[in-house]
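Here the structure is a predicted model, which means the values were calculated and not measured. Here is the naming used below: chain letters follow the sequence lines, and residue numbers restart at 1 for every chain.
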Amino acid sequence: MKGQLQRIGISYAWEREIATCLPEYYRWNQWLFLKMLERDLAYRKRSNVNWCPSCNTVLANEQVVDGACWRCGTAVTTRELEQWVLRITHYADELLESAADLPGWPDKVLTMQRNWIGRSEGARVRFPLAEGSTGFDEVPPGSAIEVFTTRIDTIYGATFVLLAPEHPLVQVWSEAPGAEDFRRNMQRFQAQDRSGRMTGEIEKEGFDTGRTATNPFTNAPVPVWVANFVLGEYGTGAVMGVPAHDQRDFEFATKYHLPIVRVVSAAAADGKADDEMSEAWDGPGVLVASGEFTGLPAGDAMARMSEAAEARGIGERTVQYRLKDWGISRQRYWGTPIPVVYCDKCGMVPVPSDSLPVLLPKIAEFSGRGDSPLAQIPEFVNTTCPDCEGPARRETDTMDTFVDSSWYFFRFCDPKNAELPFEPDTVGYWGPVDFYSGGVEHAILHLIYSRFFARVFRDLGMTTISEPFTRLLTQGMVLKDGQVMSKSKGNVVDPDDMIQQFGADALRLYVMFVAPPEKEIEWTDAGLEGSWRFLSRVWRLVDQLSETIGGEGIPGPDGLDLNDAERAMRRKTHDTIRRVTADLDPRVHLNTAVSGLMELVNELYAFCGRTECLRIGQHPDASPVGTLERAGTIAVLKESVEALVRMISPFTPHMAEELWEMLGHKEGITAAGWPEFSDAVAKSEEIVVPVQINGKVRARITVAADTAEDRLRELALADAQVAKHLEGKTVKKVVVAAGRLVSIVVS
RNA sequence: GCCGGGGUGGCGGAACUGGCAGACGCUCGGGACUUAAAAUCCCGUGCCCGCGAGGGCGUCCGGGUUCGAUUCCCGGCCCCGGCACCA
């Protein structure tokens, strides 16, 4: 791969190369992990996790795509495991809010991140379990079901409570004597999870727990049900059922004949009578049947009711995120060993920083059993406790490889540092990354993890950088036969073949030219030859003109008396520099930059043809057929060709270097730098102004660019073509805008 | 369902701030050069009518604003991407 990158001619600072699988790098993953452990940003948690049965490993939520493993595409299942988790939610608010301060990022990515973080403002409210209700004995006195809601204003309409199948109370009740049916239903719902839920609609189902809770606002008893559509991992795993104002609850209540009580009147809003309900009303309205809050608009009620709940100690306002902490434990061999040991006496003990790195052993058995390959290497597992020096076992899971990529850009600034992940001053000098490009598929993976890690380093005092990437360009993927290229699909193309035939420069130029970089492209090399032709045209042009325009002592065109053709050529050159400069830098429209250069070359060929003393490229060995005598022509050609060569140098550096030398320059082209343009020249001289008559372009007049408006009006009316169209008609209006636009309205 | 981005020739795609729609490249056709071919150079290539000069239509559809709309506004259709029973 490295050889291929070099053959394609990618500019890369190889002296800063790092490999994240080497201890010189991953020891800093371990270092950072220990720092996060100290700050309670890393913790251990037993929970249901995404499990890929093919890779035999855990996956983070971000790594599950449409219910399948991001890496191999196998359907993901659920497992309960104890895992190391990084507390990304600590930064949820900051990650969300500062998304507004990333003007250099595409909206698409920012939106995806916002949705992924998923902030919801609402309230947690406790529904006490009704004393004396069935099953009350299994829970401590005073127990309550806490629900999360964004619509506390509808709480008077809460006629039942729904629990997720994974809710702890459901677990408790399923173990009660005689709860066989209960347990069976619960297990069935839990099994439904993932695949069923992801691949399509699953039927809303539930069962009555037989328990009763109390609506803390109405004080009415409400039944407690388990429902398969309530998510265990979001909010509190329990919701209040308000069938009148939530479509899901409405369907559920209809199916199981639970009471529907309307508490927000839509009458004012939708003009319908309140009793005609065929679906839930989640729109605006005024509260009805809501005790002391009746008559309030729903918005106001929300604030008042939250305050009331807080005052009475039955709930509080809260912010809920969809984002969850990042589980990083992986049961893979390739990954950073997690630097902790487990001691029978001392429990979990972090490996001291000064004994890092914990080396990944060289040999591993790949058992395919679903535990970490490291667990089978006794020399690795068995160690001594850093605290008591007694026998201890090492953690055998490794870190998600996304840990490696979450801060490597800082390491590039200081790749050889043996004392620290990087010297803060060095990253202070280089960072943040000015321009970052990658696939959009990283929008909620790498790009959110990196923003998280940058903040961790910042809070450790290592940097002052919050946002690691100032400008982000999400480049499109290159597809073949409508799919991402991959060896297993057999739809790859080999750049080496194309380099063999047309050269790396033509290939690179073509890739840049074929579409804007953000766009996904379907690969075809049909146009590759065209890029090669363009480079050949540039070569021939310079080759054949070098004798005439190369060398010292040729003055620039400033101050020379230029004829029309020379002025036009010069204008084109300056205008091209202006365009290409802008295309490369703020816009990164590489395709139009290349087309601008092609236009300039076309124009140069035409100009040479018009001077009738040069026959560029008619034969490979053609040379000037006459002697160029006009100083203006020579000067303009020199200026234009040199500008061209300087502008193609980013695209084809070696050829540009040679051409530059052919033009008689001793110093390299790098020293010559980027050509400058004169705005006055680029926009000077004559312009063609379309003349519209009743909205149709009927004529064009050629005028000096700085023609005054009233003069332009005069010229337009005086034009013969225009006069023809005005015959026998009355001119009602002549419009001149921006000093150059003419439109004539006639009756 | 929600959010984001789109819809322009045979194809990839241009069009900057509302001002010649289709730059540039590919494809295809023609010419020059050549004994011939390749290469190269030049010309043409949105659709329709016309021998021609020329004329008409044309940027998903329907309206609107404007002297003028691919561009701005309203409504609709379609496509792509992301999220999705998130309470």
With sequence neighbours left out, write down each residue that passes side chain to side chain donor-acceptor pair (under 3.5 Å) with A:Asn215, or none if nothing qualifies. none
Could you list the residues that satisfy side-chain contact (heavy atoms from CB on, under 4.5 Å) with A:Gln63, not counting sequence neighbours? A:Leu59, A:Ala60, A:Trp70, A:Arg330, A:Asp400, A:Phe402, A:Leu445, A:Tyr449
Does A:Arg248 contact B:A87 through a side-chain donor or acceptor facing the base, at a distance under 3.5 Å? yes
Contact check, residues 234-241 of chain A vs RNA chain B, heavy-atom distance under 4.0 Å, returns A:Tyr234, A:Val239
With a 3.5 Å limit on both atom pairs, tell me what B:A84 is paired to, counting Watson-Crick and G-U wobble, or say none. none
Sequence neighbours excluded, the answer for side chain to side chain donor-acceptor pair (under 3.5 Å) partners of A:Thr154 is none
Strictly below 4.0 Å: does A:Arg537 bring a side-chain N or O up to OP1 or OP2 of B:C42? yes
Any protein N or O atoms within reach of nucleotides 43-45 of chain B? Criterion: under 3.5 Å, listing atom names and distances.
none

I'd like a table of donor-acceptor pairs (distance under 3.5 Å, sequence neighbours excluded) in which one partner is a side-chain atom from residues 505-515 of chain A, with atom names and distances.
from: A:Asp505; atom 1: OD1; to: A:Arg508; atom 2: NH2; distance (Å): 3.2
from: A:Asp505; atom 1: OD2; to: A:Thr652; atom 2: OG1; distance (Å): 2.5
from: A:Arg508; atom 1: NH1; to: A:Ile8; atom 2: O; distance (Å): 2.8
from: A:Arg508; atom 1: NH2; to: A:Phe651; atom 2: O; distance (Å): 2.6
from: A:Tyr510; atom 1: OH; to: A:Thr524; atom 2: O; distance (Å): 2.7

Does A:Glu518 have any salt bridge (Lys or Arg N to Asp or Glu O under 4.0 Å) partners at least two apart in sequence or in another chain, and if so, which? none
N/O to N/O distances under 3.5 Å, protein versus nucleotides 8-16 of chain B:
from: B:G12; atom 1: O2'; to: A:Val514; atom 2: O; distance (Å): 2.7
from: B:G13; atom 1: OP1; to: A:Lys519; atom 2: NZ; distance (Å): 3.1
from: B:G13; atom 1: O3'; to: A:Asn591; atom 2: ND2; distance (Å): 3.4
from: B:A14; atom 1: OP1; to: A:Asn591; atom 2: ND2; distance (Å): 3.2
from: B:A15; atom 1: OP1; to: A:Arg587; atom 2: NH2; distance (Å): 3.0

So which of residues 106-115 of chain A are in contact with RNA chain B, with a heavy-atom cut-off of under 4.0 Å? A:Lys108, A:Thr111, A:Met112
I want to check one thing: is the phosphate of B:A23, taken as OP1 and OP2, less than 4.0 Å away from some side-chain N or O of A:Asn602? no
Ignoring backbone atoms, test whether A:Arg533 places a side-chain nitrogen or oxygen under 4.0 Å from the OP1 or OP2 oxygen of B:C26. yes
Pairs of donor and acceptor atoms involving the side chains of residues 235-252 of chain A, under 3.5 Å and at least two apart or interchain, shall be tabulated with distances.
from: A:Thr236; atom 1: OG1; to: A:Glu146; atom 2: O; distance (Å): 2.6
from: A:Thr236; atom 1: OG1; to: A:Ala238; atom 2: N; distance (Å): 3.4
from: A:Thr236; atom 1: OG1; to: A:Ala238; atom 2: O; distance (Å): 3.2
from: A:His245; atom 1: ND1; to: A:Trp281; atom 2: O; distance (Å): 2.8
from: A:His245; atom 1: NE2; to: A:Val263; atom 2: N; distance (Å): 3.0
from: A:His245; atom 1: NE2; to: A:Val264; atom 2: N; distance (Å): 3.1
from: A:Asp246; atom 1: OD1; to: A:Arg248; atom 2: N; distance (Å): 3.0
from: A:Asp246; atom 1: OD1; to: A:Arg248; atom 2: NE; distance (Å): 3.2
from: A:Asp246; atom 1: OD1; to: A:Asp249; atom 2: N; distance (Å): 3.1
from: A:Asp246; atom 1: OD2; to: A:Arg248; atom 2: NH2; distance (Å): 2.7
from: A:Gln247; atom 1: OE1; to: A:Ala280; atom 2: N; distance (Å): 3.0
from: A:Gln247; atom 1: NE2; to: A:Glu251; atom 2: OE2; distance (Å): 3.3
from: A:Asp249; atom 1: OD2; to: A:Val242; atom 2: N; distance (Å): 2.9

Measure CH2/A:Trp116 against C1'/B:C86 and give the value in whole Å, please. 12 Å
Sorted by chain and number, sequence neighbours left out, ring-ring contact (aromatic ring centres under 6.0 Å, His included) with A:Phe127 holds for none
Can you name the residues that form a side-chain contact (heavy atoms from CB on, under 4.5 Å) with A:Asp525, not counting sequence neighbours? A:Met498, A:Trp523, A:Leu528
